[in-house]
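Encoded as structure tokens, the structure appears first; notes follow it.
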Amino acid sequence: MASAAVIDFGSIPNFRSGGRAYPPFESYIDIDEQLETCRRTEWCKQFEGIIGSSQMLREVLEQVRTVAPTGATVLIEGETGTGKELIANAIHTHSERRGRPFVKLNCAAIPEGLLESELFGHEKGAFTGAVSQRVGRFEAANGGTLFLDEIGDIPLALQAKLLRVLQEHEFERLGSTHTRKVDVRVVAATHRDLAGMAAQKQFRMDLYYRLNVFPIALPPLRMRPDDIPLLVAFFVDKFSESTRKNVAKIPREAMQALTRYPWPGNIRELQNVIERAVILTDGPVLRVPLAGLKSEIAAKANPVHPRSLQGLLDDTERNQIVRTLEECNWIVSGPGGAAARLGVKRTTLQARMQKLGIRVARCVLSRDRSAAN
């Protein structure tokens, strides 16, 4: 058997040589308590799937509640991953059309040559490959709501036809001369600056005005830090159920790091990080893969002083690595090693240990090597 590795922990808190060390109870945040806090908020009760209680989010939901019953066209603007589809669904759910179809179309996901057919449908033989008649999204959404995501990606040639259906509520399928009437409420969304695009003639100005009847601007997640603990708890609960795990707590230092990180990918990025964390977690305490968070981006994008933020992230990551090494009996690689627990390569973990000042005099690389010694 190899002797235990001698590690210089410097000023790392909560370490006790000769045994496994655990942070005090108050250094953990209870997931169920966060979920209960969310359930008690007025907004979580009224808007299913929308998590948070920050002032910015409340202002957005107040706008949703105001415009939903009117039937007006809505333009939702916000960065990628901010939840534009959820807001569009909330508008439909709180409108008089809630019992009718809610049809979605991501305009950026459809090839330019097929987008017109997706929107307005086509007749058999209208173009090569049109072997049968097809109903478009406007017909499918008749009486309900059509959500057009990434509206800024619609080509200029198609924008005139879209403008006509918004103003006149009529269109023709591809390959048909029959004019069809529809009653559809349009909710559009974009991460682009449509006003700027219109000024540069990259988007029709008249279509922009027609879409911009009631604009709603969604704040990025970095401007809603108070909502991050609630979102983390929501996603932990969701993925714990799907993976059949019982993750009940998260280290407070990890939550602080998640709150300080600027989340350039917004809620979608946070969701992916928490899903990975739940997959990596073996016990009741969530193991957040902090090494995967780009601290250099955080230092530039977060309004706090870069050094203080970098120090917070480094301390958080150092403590997590130390705790994992303790639980793995100082074994770095192999199926039960710290690298596998943290979801990183052995070389990556060793590089991070060196950078964070976790100095190793003797280290067990794997269980196989320890047995050989």
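Everything numeric in this text was worked out from a predicted model, so none of it was measured. When reading the values below, keep in mind they use all heavy atoms of this one structure, side chains included, and skip hydrogens, waters and symmetry mates.
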[X] side-chain N/O to [Y] backbone N/O, donor-acceptor pair under 3.5 Å:
X	Y	value
Thr70	Val67	yes
Arg224	Met56	no
Lys245	Val278	yes
Thr281	Gly283	no
Arg137	Lys104	yes
Asn246	Pro284	no
Arg222	Pro264	no

Checklist line | Partner set under salt bridge (charged side-chain N to carboxylate O under 4.0 Å, His left out) for Asp183, not counting sequence neighbours | finding: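 Asp183: salt bridge (charged side-chain N to carboxylate O under 4.0 Å, His left out) contacts with Arg97.
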
Notebook entry, point to check: Does Asp226 have any salt bridge (charged side-chain N to carboxylate O under 4.0 Å, His left out) partners at least two apart in sequence or in another chain, and if so, which?
Noted result: none

Considering all heavy atoms of both residues, which atom of [X] and which atom of [Y] are nearest to each other, and what is their separation?
X	Y	result
His178	Ser176	N-OG, 3.0 Å
Ser53	Asp227	N-OD1, 2.7 Å
Phe203	Leu211	CZ-CD1, 4.0 Å
Ala189	Leu75	N-CD1, 4.4 Å
Ala217	Val60	O-CG2, 3.7 Å
Thr259	Pro225	CG2-O, 3.7 Å

Are [X] and [Y] side-chain neighbours, meaning at least one heavy-atom pair lies under 4.5 Å?
X	Y	value
Phe171	Thr179	no
Thr145	Pro101	no
Leu162	Leu207	yes
Val187	Thr73	no
Lys249	Ile31	no
Ile250	Val236	no
Val103	Phe147	no
Thr243	Glu275	no

[Y] reachable from [X] in the ILVMFWY side-chain graph, under 4.5 Å edges:
X	Y	result
Ile279	Leu258	no
Tyr209	Ile151	yes
Ile267	Ile228	yes
Tyr208	Ile216	no
Leu163	Leu174	no

Next item on the list: Could you tell me which residues satisfy side chain to side chain donor-acceptor pair (under 3.5 Å) with Asn89, sequence neighbours excluded, listed by chain and number?
Entry: none

Next item on the list: Show your working on side chain to side chain contact (heavy atoms under 4.5 Å, CB included) between Glu253 and Ser27 and close with a plain yes or no.
Entry: CA-CA 7 Å; Glu253 60 192 6; Ser27 65; over 6 Å; no

Step through the shown structure and confirm whether more than 12 heavy atoms of other residues, nucleotides or ligands are within 6.0 Å of [atom1] on [X].
X	atom1	result
Gln202	CD	yes
Met205	CE	yes
Glu241	CD	no
Glu112	CD	no

With rounding to the nearest 0.5 Å, note down the distance linking [atom1] in [X] to [atom2] in [Y].
X	Y	atom1	atom2	answer
Gln200	Asp193	CD	CG	8.5 Å
Thr190	Met197	OG1	CE	7.0 Å
Leu148	Glu118	CG	CD	11.5 Å
Cys107	Asp153	SG	CG	7.5 Å
Phe239	Ile274	CZ	CD1	9.0 Å
Leu218	Leu57	CG	CG	9.0 Å

Check: Parallel, tilted or perpendicular for Tyr261 and Trp263, by the 30°/60° rule?
Finding: perpendicular

Note to self: For a side chain to side chain contact (heavy atoms under 4.5 Å, CB included) check, start with the C-alpha distance between Met353 and Leu325, then their side-chain angles and the critical distance, and finish with the verdict.
What the structure shows: CA-CA 11 Å; Met353 290 168 63; Leu325 284 167; 3.8 Å; yes

Next item on the list: Using the side-chain hydrogen bond (donor to acceptor under 3.5 Å, both in side chains) rule, take Gln55 and Glu59 through it: C-alpha gap first, then chi angles, then the decisive distance, then the call.
Entry: CA-CA 6 Å; Gln55 180 61 32; Glu59 290 174 0; 3.2 Å; yes

Check side chain to side chain contact (heavy atoms under 4.5 Å, CB included) between [X] and all other residues, then give those that pass, not counting sequence neighbours.
X	answer
Asn266	Glu79, Thr82, Pro220, Leu221
Leu158	Leu115, Glu116, Leu119, Phe120, Ile154, Pro155, Lys161
Pro215	Glu77, Asn212

Margin query: Set out, in order, the CA-CA distance, both residues' side-chain angles and the distance that settles side-chain hydrogen bond (donor to acceptor under 3.5 Å, both in side chains) for Gln271 and Arg268, then state yes or no.
Written below: CA-CA 5 Å; Gln271 176 178 339; Arg268 186 178 295 119; over 6 Å; no

Item checked: Evaluation steps, side chain to side chain contact (heavy atoms under 4.5 Å, CB included), between His94 and Ile91 -> CA-CA 5 Å; His94 289 78; Ile91 292 171; over 6 Å; no

Item checked: Option among Glu168, Glu170, Glu172, Glu123 that satisfies the salt bridge (charged side-chain N to carboxylate O under 4.0 Å, His left out) test with Arg180 ->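 Per the salt bridge (charged side-chain N to carboxylate O under 4.0 Å, His left out) rule, the option paired with Arg180 is Glu123, out of Glu168, Glu170, Glu172, Glu123.
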
Margin query: Does either side chain, that of Glu150 or that of His191, offer a donor lying less than 3.5 Å from an acceptor on the other one?
Written below: yes

Margin query: Under a plain distance cut-off of 3.5 Å, with no hydrogens placed, do Gln350 and Arg346 share a side-chain donor-acceptor pair?
Written below: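 Note: Arg346 and Gln350 side chains meet the donor-acceptor criterion.
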
Check: Under 4.0 Å between a Lys/Arg side-chain N and an Asp/Glu carboxylate O for Glu139 and Lys181?
Finding: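 Lys181 and Glu139: not salt-bridged.
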
